[in-house]
There are 2 protein chains.
Amino acid sequence: MARTKVGRERVARKPGRKGASEVGVDAYRLLRQAIIAGRFVPNERLVEANLSKVLDAGRTAVRAALVRLDQEGLVTREHNRGARVRLVSDDEALQIEEVRAALERLLARQAAAKASSSDIRELRQVIVEMRKCFANGDAIGYSELNPRFHQLIWTAAKNPTAGRLVGTLKSQSLRFQYQTMLRPGRTERSLREHELIFSAIVAHDPEAADGAMRDHLEEVLENLRWAIGNKGRPPQWLPD
Amino acid sequence: MARTKVGRERVARKPGRKGASEVGVDAYRLLRQAIIAGRFVPNERLVEANLSKVLDAGRTAVRAALVRLDQEGLVTREHNRGARVRLVSDDEALQIEEVRAALERLLARQAAAKASSSDIRELRQVIVEMRKCFANGDAIGYSELNPRFHQLIWTAAKNPTAGRLVGTLKSQSLRFQYQTMLRPGRTERSLREHELIFSAIVAHDPEAADGAMRDHLEEVLENLRWAIGNKGRPPQWLPD
DNA sequence: ATCCTCAATAATGTCGACAATCCGGGCTGT
DNA sequence: ACAGCCCGGATTGTCGACATTATTGAGGAT
């Protein structure tokens, strides 16, 4: 009865707090976003007490988040030595990208087989916007459309297993992605490749979708190799 | 010095305990093995207190293990509702198998490109043993050789990223695997397919390895579909 | 009889405390 | 001067305690 625990004020950790969201999952998402956004230097130590304050969550929640992120490959944990943000080497980035390519091919194939008309409508929408960005020379707008296009394919494929996997892979190699669109003329080719994938899906032709996605990601991989080769030099536009 | 804490007996939780191993990782491995081995009914509730006693680990360790296994897809956790062993539906099993096929194709390709002579030696060893098992009609021996063959390919491919992924996928769908070898004549075909993969790797022909692995896993997938179609009926040999 | 309410129970989520461990810096002995 | 040792600070790992939440079952009102 009315055991309104007065003993320990469960006073909100901080005044403004979304009531509906849980603490643990929040800590996980926040930390994940922070890592993906590159707000930590690679190999930086993640001290639980600090994160606890910064994320405004108990150490327990931080701990759970670190365990998840470890399993996810975004941080490494050594016994009694804490957690660090994981540094993915160049070789690893290539491996990850290869795996991602294999999965995206599968997803493109399945998307072509199973895409609903609403899936196709949304894809078309993105393609239209991409064309606009290209016409306006808006390279960064284009870059932001890119992941949306791929995500739509994942949902169209209706294969959540593969979708989750590709998502985590992408988050691991995201740091390398910013270099991929700097090459002159890359945007135009990319647009054409995306259009090919799209039309294959519209035509419900799995074979063609697979091939188009293969070509596209082969191109991306080639770019990545090039970017890694040019490492150390500051990334810069080569004005055409 | 010699702060040999007597206050709280850290006496081994149970008499026989490997000193070098840590508790947490042990709990994880044990629970994982138990789930994979099918020692739980699908959808069975995993009560932390019970596991704590059974696994002989603190509740904290159990908790961490559950978080990991959740991320790995072997259990599901609902907030304030605990964890259950995850039941993978038939559809999901098919999806998983499709993803696995895509990854194994990649691995076969890379194995053909990069296999060292010692890798090849070990693979040959397994093939020889497989032939023996087939000749003796030892179907279960053959079944146990199967995963070893594939694992050797993963190591030969030298792509730990893909290897880990395939490993977790396999653990998720392991429950469905026992049905795959029951079909009459399956063993012989399987052996031939494995031999084809092997010779492609020996010849360092990535394209052929990819194709052979594709054919092999297409066959496996077909078997899985058949097995799922025949569900409910008790699995039984059809004597030829 | 059926549905609603509400307490008892069981399990999870979270926190604080403390031990175990690692790391860096100073001290000592040769 | 230099190597090795040892200690103190900092950080992680683990445990127990307790609040919170879902669930179950009994009892009462309609």
Side-chain angles (χ1 to χ4, degrees), chain A residues 1-14 17-31 40 43-71 75-85, chain B residues 1-14 17-31 40 43-71 75-85:
Chain A
M1 57 293 290
R3 69 239 104 70
T4 49
K5 82 298 162 221
V6 183
R8 288 199 70 265
E9 287 305 324
R10 169 150 305 303
V11 51
R13 304 171 186 293
K14 263 185 184 167
R17 192 160 191 76
K18 301 190 296 182
S21 61
E22 306 146 26
V23 184
V25 57
D26 259 21
Y28 166 68
R29 279 185 205 282
L30 282 175
L31 186 50
F40 296 96
N43 238 341
E44 177 172 347
R45 258 191 98 177
L46 295 174
V47 180
E48 295 178 0
N50 288 354
L51 297 177
S52 182
K53 272 179 301 220
V54 173
L55 301 176
D56 182 36
R59 211 162 70 98
T60 308
V62 172
R63 223 163 156 60
L66 288 176
V67 171
R68 279 184 82 170
L69 292 169
D70 175 35
Q71 195 73 13
V75 311
T76 58
R77 285 165 29 109
E78 285 176 279
H79 189 56
N80 275 331
R81 220 172 285 196
R84 309 170 165 277
V85 322
Chain B
M1 68 283 284
R3 171 154 351 288
T4 49
K5 80 295 170 233
V6 184
R8 289 200 68 266
E9 288 305 324
R10 169 153 301 305
V11 53
R13 303 170 188 293
K14 265 185 182 167
R17 192 159 192 78
K18 300 191 296 181
S21 62
E22 305 144 28
V23 184
V25 54
D26 258 21
Y28 166 69
R29 280 185 203 282
L30 282 175
L31 186 50
F40 294 97
N43 237 340
E44 176 172 349
R45 258 190 97 176
L46 294 174
V47 180
E48 294 178 1
N50 289 353
L51 297 178
S52 183
K53 274 180 299 220
V54 172
L55 300 176
D56 183 34
R59 208 162 71 99
T60 307
V62 172
R63 219 157 161 56
L66 288 176
V67 171
R68 281 184 80 171
L69 292 170
D70 174 36
Q71 194 73 10
V75 311
T76 58
R77 284 165 30 109
E78 286 176 278
H79 188 59
N80 274 331
R81 220 171 283 195
R84 309 172 165 276
V85 323

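This structure is a prediction, so every number in the text was calculated from the model and none was measured. Residue numbers begin at 1 in each chain, while the letters A, B, ... track the order of the sequences. The basis for the numbers below is simple: all heavy atoms, side chains too, and nothing from hydrogens, waters or symmetry mates.
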Whole angstrom is fine here: how far is it from CD in B/E44 over to P in C/dA11?
13 Å
Determine: side-chain N/O of B/R63 to OP1/OP2 of C/dG13, distance under 4.0 Å, yes or no.
yes
Tightest non-hydrogen contact, residues B/R59 and B/E48, listed as NH1-OE1, 2.7 Å
When you measure from the side chain of A/R77, which nucleotide among C/dT14, D/dG13, D/dT11 comes out closest?
D/dG13
Distance-only donor-acceptor test, A/R59 side-chain atoms vs D/dG13 base atoms, 3.5 Å:
yes
Closest heavy-atom contact between B/R84 and B/L46?
C-CD1, 4.1 Å
Shortest non-hydrogen contact from B/R81 to B/R45?
O-NH2, 4.1 Å
Whole-Å gap separating P (C/dC22) and CD (A/E48):
15 Å
Rounded to whole Å, how long is the line connecting atom CG of B/L51 with atom P of C/dA11?
11 Å
Quick one: B/N50 CG to C/dA10 P, roughly how many Å, whole number?
12 Å
Could you pull out the closest heavy-atom pair between B/S52 and B/A57, with the gap in Å?
OG-O, 2.6 Å
With a 4.0 Å cut-off on heavy atoms, is A/L46 in touch with a base, just the backbone sugar-phosphate, or nothing at all?
sugar-phosphate
Would you say C/dC23 has OP1 or OP2 under 4.0 Å from some side-chain N or O of A/R81?
yes
Take the protein atom CG of A/D70 and the nucleotide atom P of D/dT12, then report the distance between them rounded to whole Å.
14 Å
How many Å lie between CG on B/D26 and C1' on D/dG13, as a whole number?
15 Å
Within this structure, what is the NE2-to-P distance between A/H79 and D/dT11, rounded to whole angstrom?
18 Å
Please figure out whether A/E78 or B/N80 has its closest DNA chain D nucleotide nearer the 5' end.
A/E78
